[in-house]
Every structure is written in C-alpha cells, then in structure tokens.
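Comments concern the structure below.
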Protein chains: 2
Amino acid sequence: MHRHEGHDACHAGTGDILARAEALCRERGLQFTPLRREVLEAVAEAGKAQGAYDIAERLSAPGKRVAPVSVYRALDFLMDQGLVHRIASRNAFIPCAHGHAPGEGVIFLICRTCGGVDEASSEEVEGSLGRTLERAGFTPTHSILEVEGDCGTCRQRKLAP
Amino acid sequence: MHRHEGHDACHAGTGDILARAEALCRERGLQFTPLRREVLEAVAEAGKAQGAYDIAERLSAPGKRVAPVSVYRALDFLMDQGLVHRIASRNAFIPCAHGHAPGEGVIFLICRTCGGVDEASSEEVEGSLGRTLERAGFTPTHSILEVEGDCGTCRQRKLAP
DNA sequence: GCGGGTTTGTTACAGTGTATCACCGCGGCC
DNA sequence: GGCCGCGGTGATACACTGTAACAAACCCGC
C-alpha cells in the first residue's frame, strides 16, 4: 500500500499523476486548466480521501476564494477522464493511482485507521461477480466495491506499538 | 428478482418483514416501537430505495409531522438490527429481504430503470474478494458491493415493448 | 474583430445528515 | 406515593454535500 502514510513518503506520486494527467488531456484534446490542475494536485497531495469542501478550503487563500461548485466541476471533469475516483461510502475523492483498463473493476481499500485509500483489482473477483449477476438475470452497467478495514502498516502498528 | 414491480406484487413480503422484525426485537429484548414499525413498513412498501426525507414525508400527515431526524434514528436502529440496508450510492434505504448470516456479504443489484433493488450473495465472490484482500495485506471489517444496471424484467421489457 | 464553444465566478437553493436540549413514558427503588 | 434513571421521541438549529441558473471571462478558428 502507499499514499496513506501521513508523511511525505506518500507524496511521491503526485508529480507522476500530474504529468500523466497533462499528457492524457493533450492526447484527447482537452484543457488541463490551472483550476483542474490545482484540484488534482490537492487530491493527490492529501494522502487520504478529500471531500469537495476540504479541497475548496485547501485551495482558498486570503483574497482568493475557490467556491465548492468550481471544485465539483473540476472533479466531474477529472472523474470523466478517470483521473480521480469518488468514494461513495465517504462522499470523498481520491486520485487514481494506476491507469486502469477502461471498464475494469476497481476495489477500494479504505483504512479506518489512517484514512488512506488504496486501489486493487482482481480478475477473479470480477469473473465471479459477473457469473453471479448473470445467474440473477442482471445486466450491469457500473459497480462499486469498497472495503473498509485496516491496511497492513496500520495493523502492524497496532500489534507492535 | 422481486420487490421492484411498481405494482402490488412487490408488497407481498411486507407482512413477513414486519413479523420477522417483531420477533427479532422481542428475542433481543429491544423495543419495536410504533415509529420504528412505521418506518420499516414505509421502506418495505415502497418497492424501491427510499431516502430518509421521502420516508419522513410519507409518514407525515396533516397534523402529524414526522421529522427527518426521527426517521434517521429509527433507520439507525433498524440497520443495527440488520432489518434495513443503506444503499451508499443512492443515499437511500431498503428493507432487508432475507435474513442473512451475520457478517455475510451482500450484493445490491440496483435497477436503473425501475429503481428496484435486489439482494444477492455469493460465496464465490466472497471467497475471491477475501483472497484479493489477503494478498493486499488488508484486513476487512465491512464491505459494500453495489451494482447498477438493468434487472431481468426491465431488460426484457426494453427488448420487446 | 467576431461568433461560438468552453471554463469559471457568483448566488441561490435543494438534499442529506448530525448535535443538542427538552419532554415523555415506563420501570425499578426507596 | 414519590423519586430517579433510562431509552425513545419532538423540535430546532445547524453542518455537510451537491446542483441549477446566469453572467462574465477566455480561447480559438474564421
């Protein structure tokens, strides 16, 4: 796991994420505006899932207020491009760590101790879920899978403090 | 699938649900008060996921207002007892259709057409998810799995209207 | 320069959920 | 009976999350 230490080890990927976003937008002919960049940066630096209002506050400074609605718009854009994910169980947002194959299912691992969110994926889970849905006669369009618990580092920290 | 027809075929289980709730509360020494009963009844009769404010409105009548906060408290109680589930992706609530084994994972199948929510479970999914989590060094406490799509009846209705 | 699309700012508002305090009813206890 | 504690409810207020609508700024091609 990464991106949830609470210190700067987790910030390592921020630059990569921004670079990837910039390249991806250029490739698709979309605008990677300063606001969108700042929002993505704020999400990437946080180390844990951020609410839209948290981001707005983080980006605001005396004399320069960023309204939540602007943050929501930037987040909508970034989600459309697959650059951030929304954690439904927390009403919060995280940067997309790895470029997923489009349509690939993602599993969010949410640590209740450090608040960090990691992503996982598993063809095995996806296959068994697909079979279960088919058996139920259900045609899926979109699925969310979020697991809360303790990440490895936090669990060890609890055992040996 | 059941409980999402939009007509009264889906109401069949309401009585069962109430009876089960009453028995369960008596067994556990908890109070199945009129308010809690009404909230559960409203959720069970609706045929689709209900927001807390929907329930409050449904239970309110001229001269008898039920405040949302009361509904939330009743819902918290009912969720603690496993009698209703919360659909995180919709901010809404549904009755628990079947008594699950405690700790058993539930898959919510949310029909985007009729709005009905069905429950499924699969040991296969649970097993593969457990293995994936273990591989990631993650210790789960609670997981939510919600799938959006078209239920069988709605899909057929679309193909042959 | 000009028209048309996109992005952003601003305000207002709708929807979701929680905190707090007062009150009520009920059962135990002296 | 009177008292107390406790869980449930009512009521108000508030915080948090998200969207609608419109105006202004910006950019880009023509």
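A note on names: the letters A, B, ... follow the listed sequences, proteins ahead of strands, and every chain is numbered from 1. Excluded from the calculations below are hydrogen atoms, water molecules and symmetry mates; all remaining heavy atoms, backbone and side chain alike, are included.
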Worksheet item: Would the A:Phe93 and A:His85 ring centres measure less than 6.0 Å apart?
Response: no
Could you list the protein-to-nucleotides 7-14 of chain D atom pairs, N/O on both sides, closer than 3.5 Å?
unit_1 : atom_1 : unit_2  : atom_2 : d
D:dG8  : OP1    : B:Arg36 : NH1    : 3.1
D:dG8  : OP1    : B:Arg36 : NH2    : 3.1
D:dG8  : O5'    : B:Arg36 : NH2    : 3.4
D:dT9  : OP1    : B:Thr33 : OG1    : 2.5
D:dG10 : OP2    : B:Ser70 : OG     : 3.1
D:dG10 : N7     : B:Arg73 : NH2    : 2.7
D:dG10 : O6     : B:Arg73 : NH1    : 3.3

Worksheet, complete the sentence: In terms of heavy-atom contacts, B:Phe138 and A:Gly149 come closest through CZ-N, 3.5 Å
Response to the item:
When rounded to whole Å, the CG to P distance for the pair A:Asp54 and D:dC16 reads 9 Å
Worksheet, complete the sentence: Nt span of DNA chain C in reach of chain A heavy atoms at under 4.0 Å, 5' end first, is C:dT6 to C:dT11
Fill in: Where B:Cys114 and B:Lys48 come nearest, the two heavy atoms and their spacing
O-CD, 4.1 Å
Worksheet entry | Electrostatic pair B:Lys64:B:Glu38 at N-O distance under 4.0 angstrom | yes
Practice prompt. Would you mind reading off the distance between A:Leu75 atom CG and D:dT17 atom P, rounded to a whole angstrom?
Written response: 12 Å
Item to complete: Look at atom CD of B:Glu124 and say whether more than 12 heavy atoms of other residues, nucleotides or ligands are closer to it than 6.0 Å.
Response: yes
Worksheet item: Passes salt bridge (Lys or Arg N to Asp or Glu O under 4.0 Å), B:Glu146 versus B:Arg112? Steps please.
Response: CA-CA 12 Å; B:Glu146 301 176 6; B:Arg112 61 177 174 176; over 6 Å; no
Worksheet item: So, B:Thr139 versus A:Asp150: side-chain donor-acceptor pair below 3.5 Å or not?
Response: no
Worksheet item: Base, sugar-phosphate alone, or nothing: which one does B:Arg90 contact when heavy atoms must sit under 4.0 Å apart?
Response: nothing
Fill in: Step-by-step salt bridge (Lys or Arg N to Asp or Glu O under 4.0 Å) determination, A:Arg90 to A:Glu148
CA-CA 11 Å; A:Arg90 297 266 177 128; A:Glu148 184 159 329; 3.6 Å; yes
Discussion item. OP1 or OP2 of D:dT17 versus the side-chain N and O atoms of B:Asn91: is any pair under 4.0 Å?
Written reply: no
